[in-house]
2 protein chains.
Amino acid sequence: MPSVTRPDRRPLRADAARNRELLLAAAADEFAERGIDASMADIARRAGVAKGTVFAHFATKEELIAAIVGDHFAALTAVARNLLDSADPGAALLEFLTVAAGGQRQHDLAFLQTVAEGDSEVTELRNEFHASIGALVDRARDAGAVRADITGTDVLLLICAPVHAIGFLANPEPDLWRRYLAIIFDGLRPEGANPLPRPAPSWP
Amino acid sequence: MPSVTRPDRRPLRADAARNRELLLAAAADEFAERGIDASMADIARRAGVAKGTVFAHFATKEELIAAIVGDHFAALTAVARNLLDSADPGAALLEFLTVAAGGQRQHDLAFLQTVAEGDSEVTELRNEFHASIGALVDRARDAGAVRADITGTDVLLLICAPVHAIGFLANPEPDLWRRYLAIIFDGLRPEGANPLPRPAPSWP
DNA sequence: AGTCAACTTGACCCAGCGGTCATCTTACGA
DNA sequence: TCGTAAGATGACCGCTGGGTCAAGTTGACT
């Protein structure tokens, strides 16, 4: 559970800082279990604080989601940057996707990202995330580990696919997503790749 | 827009039958645009009927969703069965996936399926759908068009992935999903396939 | 210890949702 | 053309969920 910083803000009082962490953790759990339907009241209960405290920290539900998504992006950006030093660029990309998918839970977190779209800080973190994936993909492509017509944006869009796929099953084995990650990753391999029917999208 | 039948029920009066069609079409549009948040009132307005009429046809929101999902499964089952005669089993599977993905809209319809899980008629249709995909995949595998370790269930779980992937983009080109379908389909090709880390799931 | 701003609390508000039903309208067989 | 059962209507209900706020509590600094 990464400690969350609030850039350029006066430091919080000790109890407030603790509650903020509890809230973010409880919210992440609740969203993972119940999807977007998780209520602010349930999150408060899970964190062991009153409902009003949630809104003292996050003015709206959107703001709370933005904080979670921002943390998520920041953490994955750090992972991607660390893997840039790896000796095997193909394995590094696969490792990154494994960490990214493994960090999601029962519900995939894609929907949270779309809710947080308006937040400028999240946009900033998302752009850094995008760039760090791009670097990872470029290295893998240069090494011939993935097909030439794949971009970082493609990989970004496919991150949630493995977890999303197993969402249809009522009680999936917890790491069944690895199977679908492997299939999708095999879709990126260069051997005998078929040309793609549409050009890569630009972002945003 | 496939005409919807209601098996073993007394035929509807002309106006009621028409309204039922209007409602199903309006609901499909509304769910496609707004996801699960589409409200019964909005669906009624879009169909040009009063709110009470919606509940006269579908006792609950779940029942309405089940009707939509059931239609969807039935239509795709018919497509899959037609393609079983195709001369090229690999192309037939790709064609099926293209039709299945193309039939979805802005929001992927995966979430509707999970809501409709309790309905026994939908379960029946889903099982037929599953079986028809299985037959398509078996033929493709026998022909060497897809890797040996892929099952019909795998393909079923991956149907929504291409549309889901482009959901991150604010204004995706309408058929960008074809790019991600091509990548995922390439993940199924036999040439140089890497062994999959987890066994195929059973269903359900 | 005393002070006070920072923080927490939970009762409260209200909009919007799914769902109901008494009443009105209409398709259709005779 | 008419009688009537099937269907349409929209005001209404209870509830849930996001969000507010005046009053109470507490961490931190002197």
Side-chain angles (χ1 to χ4, degrees), chain A residues 4 6 8-27 29-31 33-69 107 111-112 114-116 118-119, chain B residues 4 6 8-28 30-31 33-69 111-112 114-119:
Chain A
V4 182
R6 305 190 322 148
D8 46 77
R9 282 273 221 292
R10 187 174 18 67
L12 292 170
R13 223 170 68 178
D15 54 344
R18 187 172 144 274
N19 280 341
R20 191 168 197 276
E21 296 298 316
L22 287 172
L23 278 169
L24 283 168
D29 288 349
E30 206 71 18
F31 284 126
E33 280 177 19
R34 304 163 93 95
I36 193 67
D37 292 331
S39 77
M40 297 296 263
D42 285 344
I43 290 168
R45 193 174 313 123
R46 186 163 192 147
V49 302
K51 199 174 152 192
T53 302
V54 186
F55 289 95
H57 284 272
F58 308 96
T60 65
K61 191 176 185 180
E62 277 193 22
E63 206 173 283
L64 170 57
I65 291 176
I68 293 175
V69 171
H107 280 81
F111 66 90
L112 293 182
T114 69
V115 171
D119 188 290
Chain B
V4 181
R6 305 190 322 147
D8 45 78
R9 282 273 220 291
R10 188 175 15 67
L12 292 170
R13 225 170 67 177
D15 54 345
R18 186 173 144 274
N19 280 341
R20 190 167 197 277
E21 296 297 316
L22 287 172
L23 278 169
L24 283 168
E30 207 71 20
F31 284 126
E33 280 176 20
R34 303 164 94 96
I36 193 67
D37 292 331
S39 77
M40 297 296 264
D42 285 343
I43 290 168
R45 193 174 313 123
R46 186 163 194 149
V49 302
K51 199 174 151 192
T53 303
V54 187
F55 290 96
H57 284 272
F58 308 96
T60 64
K61 191 176 185 180
E62 277 193 22
E63 205 173 284
L64 171 56
I65 291 175
I68 293 175
V69 172
F111 65 91
L112 292 182
T114 69
V115 170
E117 218 150 54
D119 187 291

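A quick note: this is a predicted structure, and the numbers were derived from the prediction, not measured.
Residue A:Ser39 is classed as a sugar-phosphate contact, given heavy-atom separations below 4.0 Å to backbone atoms only. Within 4.0 Å (heavy atoms only), A:Ala16 reaches sugar-phosphate atoms of the nucleic acid but no base atom. Residue-level contact check: A:Ala44 touches neither bases nor backbone, having no heavy atom under 4.0 Å from any strand.
With values rounded to the nearest 0.5 angstrom, A:His57 atom NE2 is found 9.5 Å from A:Leu22 atom CG.
Look at B:Asp42 and B:Arg45 and you find a salt bridge, because one of the NZ, NE, NH1 or NH2 atoms lies within 4.0 Å of a carboxylate O, short of that distance.
The distance between atom CE of A:Met40 and atom C1' of D:dT20, rounded to the nearest whole Å, is 13 Å. Computed from coordinates, the A:Phe55 CZ to D:dG17 P distance equals 12 Å when rounded to whole Å. With rounding to whole Å, A:Leu64 atom CG is found 10 Å from D:dG19 atom P. Here the C1' atom of nucleotide D:dT26 and the CG atom of A:Leu12 are 15 Å apart, to the nearest Å. In this structure, A:Arg18 places its CZ atom 19 Å from P of D:dT25, rounding to the nearest Å. Taking atom CZ on A:Arg34 and atom P on D:dG18, their separation rounds to 11 Å, with Å as the unit. Nucleotide C:dA6 holds its P atom 17 Å from the CG atom of A:Asn19, rounded to whole Å. Separating the NE2 atom of B:His57 from the P atom of D:dA6 is a distance of 14 Å, rounded to the nearest angstrom.
Mapped onto DNA chain C by nearest heavy atom, A:Ala17 and B:Asp42 fall at different nucleotides, with A:Ala17 at the one closer to the 5' end. With DNA chain C read from its 5' end, the first of the two nearest nucleotides for B:Lys61 and B:Thr53 is the one closest to B:Lys61. A residue-by-residue look at A:Ala59 and A:Asp37 shows that A:Asp37 has its nearest nucleotide of DNA chain D further toward the 5' end.
The two residues B:Leu112 and B:Ile65 come nearest to each other via the heavy atoms O-CG2, 3.5 Å.
Under 3.5 Å, the side chain of B:Lys51 and the base of C:dG18 form at least one donor-acceptor pair of N or O atoms.
A:Arg20 is not listed as a side-chain neighbour of A:Leu23, based on a closest heavy-atom distance of 4.5 Å or more. Residues A:Val69 and A:Asp119 are not in side-chain contact: their nearest non-hydrogen atoms beyond the backbone lie 4.5 Å or more apart.
When distances are taken from the side chain of B:Ala50 to each of C:dG19, D:dT9, C:dT8, the shortest belongs to D:dT9. Proximity note for A:Arg13 (side chain, C-beta onward) versus C:dA6, D:dA8, D:dG18: the nearest is C:dA6.
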